[in-house]
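Notes follow the structure.
Counting begins at 1 with the first residue of the sequence. All of these numbers come straight from a predicted model, not from anything done at the bench.
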Amino acid sequence: MNDFKERIAAELLAVRDRSLAYTAADDDLLVRQHSPLMSPLVWDLAHVGNYEELWVLREAGGIDPLRPEIDDIYDAFKHPRKDRPTLPLLGPAEARRYIEGVRGRVLDVLDAIDLDGPTPLHRDGFVFGLVIQHEHQHDETMLATLQLSGQPGLVRDGELPAGRSGGPEEVYVPAGPFFMGTDTLPWAYDNERPAHQVELAAYWIDRLPVGNRAYVAFIEDGGYEDPRWWTAEGWQWRQRRGVFAPLFWVRDGHAWWRTRFGRTEPLPMDEPVQHVSWYEADAYARWAGKRLPTEAEWEKACGWDPEARRARRYPWGEEDPGPDRTNLGHRAAHPAPLGAYPGGASAYGAEQMVGDVWEWTDSWFQPYPGFRSFPYKEYSEVFFGQDYRVLRGGSWAADPAAVRTTFRNWDYPIRRQIFTGFRCARSELV
């Protein structure tokens, strides 16, 4: 097995270790549905194996189905999450045996396949990148489920760098064109393609994500009680749901607390705000006299190198994410303090754009000019329109293998259980 294949094998091992760590719990916790927004953890566990069987074994390897009778059960498009507990799911032990059997055959396919051939699914290991990223995305979903479970002791924590104060509140991005998306990153998804030129007016964007201290100021200024700051749909949602603060926050007198993986703790004022919906992010931005950045503005501020006139894979360049540059890969079970990663700044000086929290943008999830579905339209194409808002950047729970400056995430504007935050922007004053 050559070096590239060995790296793929190592990534497959790492993501599987992660999936098994998040499901190393009592069977009752794995089979229970902790929220109608989420699947039982045991569904996610078997689903990643079924997806791997479908794409690597059947499509790329030409191997006959191992368990065709379970394909319908683990088809994410046939059964809404709220209905999945009623399905005849594999139990935890059987699910582990199934995914182990799939993985052994996947490594055989990896050993035999030609990664330099003309087949798009094979070329540069795309099919392996597909399943690796898919499993990491479900691992992040598992973490959101574990947060909703309210059970302590299930998720490891860790140490992060200290934050730093000072520095400009905003950075300036001059007017001009840049190339958005990619034609070159081999594991990029179809919705990141093709690269295309976008012309933007000058704007300012926050150097750092909005922090908890700033968000508390919005709350205490009556931000949740004043419809001036909310869209009509957002105000209706806030009233109907009785929302008064980010999810998992509670006020005790003048003090704010949050519940994090089953434990209640004082709210750290120096961290990026987390677990806010698009509606809340948009309302805060209006209150602050700003707005949310468009998706194009976010990507230019994050990844464009104006001197080299090319896009960077990460804000700082092409080097892999390390603990001195970003908070990715579940180094700790929370965002890093604001200002913790000056070495991860973009060419324009924006910091913490990758890692910590997914950042809401003002854009709907739409195809780029010249978009083509690959390898299946259900990954991106069926979600295009004006139902889903784009998120960028990746959270502390996202893995580096599934994050880059061009990566696009999307969700309904009401979603708060995911690890979401935001930063603000404003147009240049004339």
Side-chain angles (χ1 to χ4, degrees), residues 1-2 4-20 23 30-31 39-81 83-84 86-139 141-142 186-187 189-190 372-382 401-402:
M1 188 178 288
N2 63 31
F4 183 40
K5 288 186 176 183
E6 288 179 357
R7 290 199 299 272
I8 292 174
E11 291 281 4
L12 288 166
L13 176 63
V15 71
R16 183 54 47 83
D17 284 347
R18 192 179 180 201
S19 299
L20 294 175
T23 52
L30 301 183
V31 302
S39 308
L41 288 164
V42 74
W43 185 92
D44 289 284
L45 184 63
H47 168 74
V48 297
N50 186 249
Y51 187 92
E52 196 168 312
E53 181 191 346
L54 172 62
W55 286 103
V56 178
L57 300 191
R58 301 185 201 175
E59 293 293 331
I63 296 173
D64 291 339
L66 303 179
R67 297 286 300 270
E69 75 280 5
I70 68 172
D71 287 353
D72 180 83
I73 298 171
Y74 296 104
D75 186 331
F77 300 97
K78 288 190 176 180
H79 304 286
R81 289 176 175 177
D83 296 337
R84 290 172 189 170
T86 66
L87 301 172
L89 305 178
L90 302 183
E94 189 177 5
R96 292 187 187 102
R97 286 194 298 271
Y98 168 62
I99 66 172
E100 182 180 3
V102 171
R103 174 53 59 80
R105 292 169 174 82
V106 163
L107 293 174
D108 291 339
V109 172
L110 174 62
D111 190 48
I113 203 167
D114 179 7
L115 302 184
D116 297 318
T119 306
L121 203 59
H122 300 184
R123 191 184 309 129
D124 296 318
F126 178 86
V127 70
F128 299 100
L130 182 72
V131 300
I132 288 166
Q133 292 180 93
H134 173 263
E135 188 163 348
H136 276 304
Q137 289 159 355
H138 274 272
D139 288 342
T141 298
M142 289 181 189
W187 288 3
Y189 284 115
D190 57 4
R372 294 178 60 191
S373 290
F374 177 77
Y376 59 106
K377 68 179 182 179
E378 288 83 5
Y379 182 74
S380 302
E381 186 175 342
V382 298

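- At a threshold of 4.5 Å between non-hydrogen side-chain atoms, the residues D44 and T23 do not count as touching.
- Sorted by first then second residue, the side-chain hydrogen bond (donor to acceptor under 3.5 Å, both in side chains) pairs that include residues 7-17, not counting sequence neighbours, are R16-E52, R16-E135.
- Side-chain atoms of R84 do not come within 3.5 Å of backbone N or O of P40 as any donor-acceptor pair.
- Taking 4.5 Å as the limit, some side-chain heavy atom of L45 sits within range of a side-chain heavy atom of R96.
- No side-chain donor-acceptor contact under 3.5 Å links D190 to the backbone of S373.
- A side-chain donor-acceptor contact under 3.5 Å links Q133 to the backbone of W187.
- To the nearest 0.5 Å, the span separating CG on D114 from CZ on R123 amounts to 10.5 Å.
- Of the possible donor and acceptor atoms, one in the side chain of H122 sits under 3.5 Å from a partner among the backbone N and O of A60.
- Note that the CG atom of L130 and the CD atom of E59 stand 10.5 Å from one another [nearest 0.5 Å].
- Here the straight-line distance linking atom OG of S19 with atom NE2 of H138 works out to 9.5 Å at 0.5 Å rounding.
- Inter-residue side-chain proximity for H79 and L87 is flagged as met; some heavy-atom pair is nearer than 4.5 Å.
- At least one donor-acceptor pair under 3.5 Å links the side chain of H47 to the backbone N or O of Y74.
- Interatomic distance, CG of L41 versus CG of L89, reported as 11.5 Å (0.5 Å rounding).
- Proximity of L57 to V102: side-chain heavy atoms (C-beta onward) are separated by under 4.5 Å at one or more points.
- When the shell of 6.0 Å around CZ of R105 is examined, it contains 12 or fewer heavy atoms from other residues, nucleotides or ligands.
- Each of Y379, Y376, F126 was compared with W55 under the ring-ring contact (aromatic ring centres under 6.0 Å, His included) criterion, and only Y376 meets it.
- Under a cut-off of 6.0 angstrom, the local environment of CD in E378 is crowded, with over 12 non-hydrogen atoms contributed by other residues, nucleotides or ligands.
- Rounded to the nearest 0.5 angstrom, I73 CD1 and W43 CH2 are separated by 11.0 Å.
- Side-chain atoms of K5 come within 3.5 Å of backbone N or O of D111 as a donor-acceptor pair.
- Annotation: the span from F128 atom CZ to L110 atom CG amounts to 4.5 Å, rounded to 0.5 Å.
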